[in-house]
Amino acid sequence: MRASGTEPTGTYLWWTGRRTRGKAPGSARGRLRRLHVWVGVGSDAVVVFLVLSGLPWSGVWGDGLQRIQERTGSTAPNAGDFPHTSTPPLSGDLSAHPDAKVPWAAERLPVPESASSASYGWAEYGTMAKVVEQGIALHEGRRYGPANLVVMLAACLALITLVVTGVWMWWKRRPRGRAGAPARPSDRRTAYGVIAVMAVLGLLFPLAGVTMAATLLLDRLVLRRIPAVARFAG
């Protein structure tokens with residue numbers, strides 16, 4: 001969930017520093033930085049939506065969400081719960097037929113050999129199941145035709161742009177022979193704000209939180225104690 005962390009923290013750093021930061025001249029580096037900033041700020045909401053709507057597919061979040069839906073009874077309908085469901089022998093599942101347009105939660109339901117079908121529909125989906133289905137449909141660009149596809153494509157291109165411009169800016173400003181890790185913010189409030197944002201994201205996304213904690217421990221306990229590595233990173 002790297003995108004879910006870099007987008008909010010990048011926006012926060014831009015927002016807190018916008019008043020004290022001088023306007024860069026019309027240099028190539030200044031234009032590159034402005035492109036990075038405005039693409040990040042402009043795509044923030046859509047990128048976060050992409051992350052959130054993709055969570056039902058993930059391991060930790062997906063399993064947790066499924067358990068919550070089951071405990072609250074807000075799941076997709078089960079064909080076995082409806083008396084008019086067809087009962088002939090079953091043949092495969094809908095996931096084996098890529099051309100079949102079915103709700104995401106129903107693509108693994110068994111397919112009867114007869115032409116009969118279960119007597120349930122959208123009204124039988126729980127509230128959480130409906131939210132998941134709508135999110136998945138938007139995520140895949142299946143909800144509002146070409147407009148949905150264009151917005152999702154724009155978000156993907158924005159992420160690529162952020163990655164490329166971020167690496168490019170680092171390459172231009174890096175000190176010779178060193179990685180040039182960013183210095184700590186001089187404003188403590190900004191530093192504490194970033195820590196708070198990352199802490200919340202670490203709790204919301206446990207695997208990302210474990211990764212951040214492991215990186216912090218590696219930096220504090222190992223990298224800073226090796227002078228050559230510390231000089232290269234700084």
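Residues forming a side-chain contact (heavy atoms from CB on, under 4.5 Å) with Thr72 (at least two apart in sequence, or on another chain): Ile68, Ser74, Met128. The side-chain contact (heavy atoms from CB on, under 4.5 Å) check on Leu50 picks up His139, Met152, Ala155, with sequence neighbours excluded. For Leu217, the side-chain contact (heavy atoms from CB on, under 4.5 Å) test picks out Leu221, with sequence neighbours left out. Asp219 meets the salt bridge (Lys or Arg N to Asp or Glu O under 4.0 Å) test with Arg224; sequence neighbours excluded. Applying the side-chain contact (heavy atoms from CB on, under 4.5 Å) rule to Val60 yields the partners Pro206, Leu207; only residues at least two apart in sequence or on another chain are considered.
Side chains of Phe49 and Leu138 form a contact here, defined as non-hydrogen atoms less than 4.5 Å apart. Contact check for Asn148 versus Glu140: no side-chain heavy atoms found under the 4.5 Å cut-off.
Proximity of a side-chain donor or acceptor of Trp61 to a complementary backbone N or O of Leu52 within less than 3.5 Å is not detected.
Hydrophobic clustering keeps Val131 apart from Tyr125 (ILVMFWY residues linked when any side-chain heavy atoms are closer than 4.5 Å, directly or through intermediates). Both Met198 and Val200 belong to a single network of hydrophobic side chains, linked directly or stepwise wherever heavy atoms of I, L, V, M, F, W or Y lie under 4.5 Å apart. Put simply, Val51 and Met212 are part of the same group of oily side chains (I, L, V, M, F, W, Y) that touch within less than 4.5 Å, one to the next. A continuous path of hydrophobic side-chain contacts links Leu55 to Leu204 [ILVMFWY only; heavy atoms under 4.5 Å].
Taken to the nearest 0.5 Å, the CD atom of Gln66 stands 11.5 Å off from the CZ atom of Arg71. Rounding to the nearest 0.5 Å gives a distance of 10.0 Å between CD of Glu70 and CG of Leu65. Atom-to-atom distance recorded for Thr211:OG1 and Leu216:CG is 12.5 Å, nearest 0.5 angstrom.
Closest approach of Pro56 and Val132 over heavy atoms only: CG-CG1, 3.9 Å. In terms of heavy atoms, Ser53 sits closest to Gly135 at CB-O, 3.6 Å. Of all the heavy atoms in Leu162 and Ser43, the pair that sits closest is CD1-OG, 4.3 Å.
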Quiz item: Are Val197 and Leu201 close enough, and set up right, to give a side-chain contact (heavy atoms from CB on, under 4.5 Å), and what steps lead you there?
Solution: CA-CA 6 Å; Val197 172; Leu201 292 173; 4.0 Å; yes

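Checking each of Val167, Thr161, Ile160 against Val164 for a side-chain contact (heavy atoms from CB on, under 4.5 Å) leaves exactly one that passes, namely Ile160.
Clustering of Ile, Leu, Val, Met, Phe, Trp and Tyr side chains at separations under 4.5 Å places Leu32 together with Trp168, Met169.
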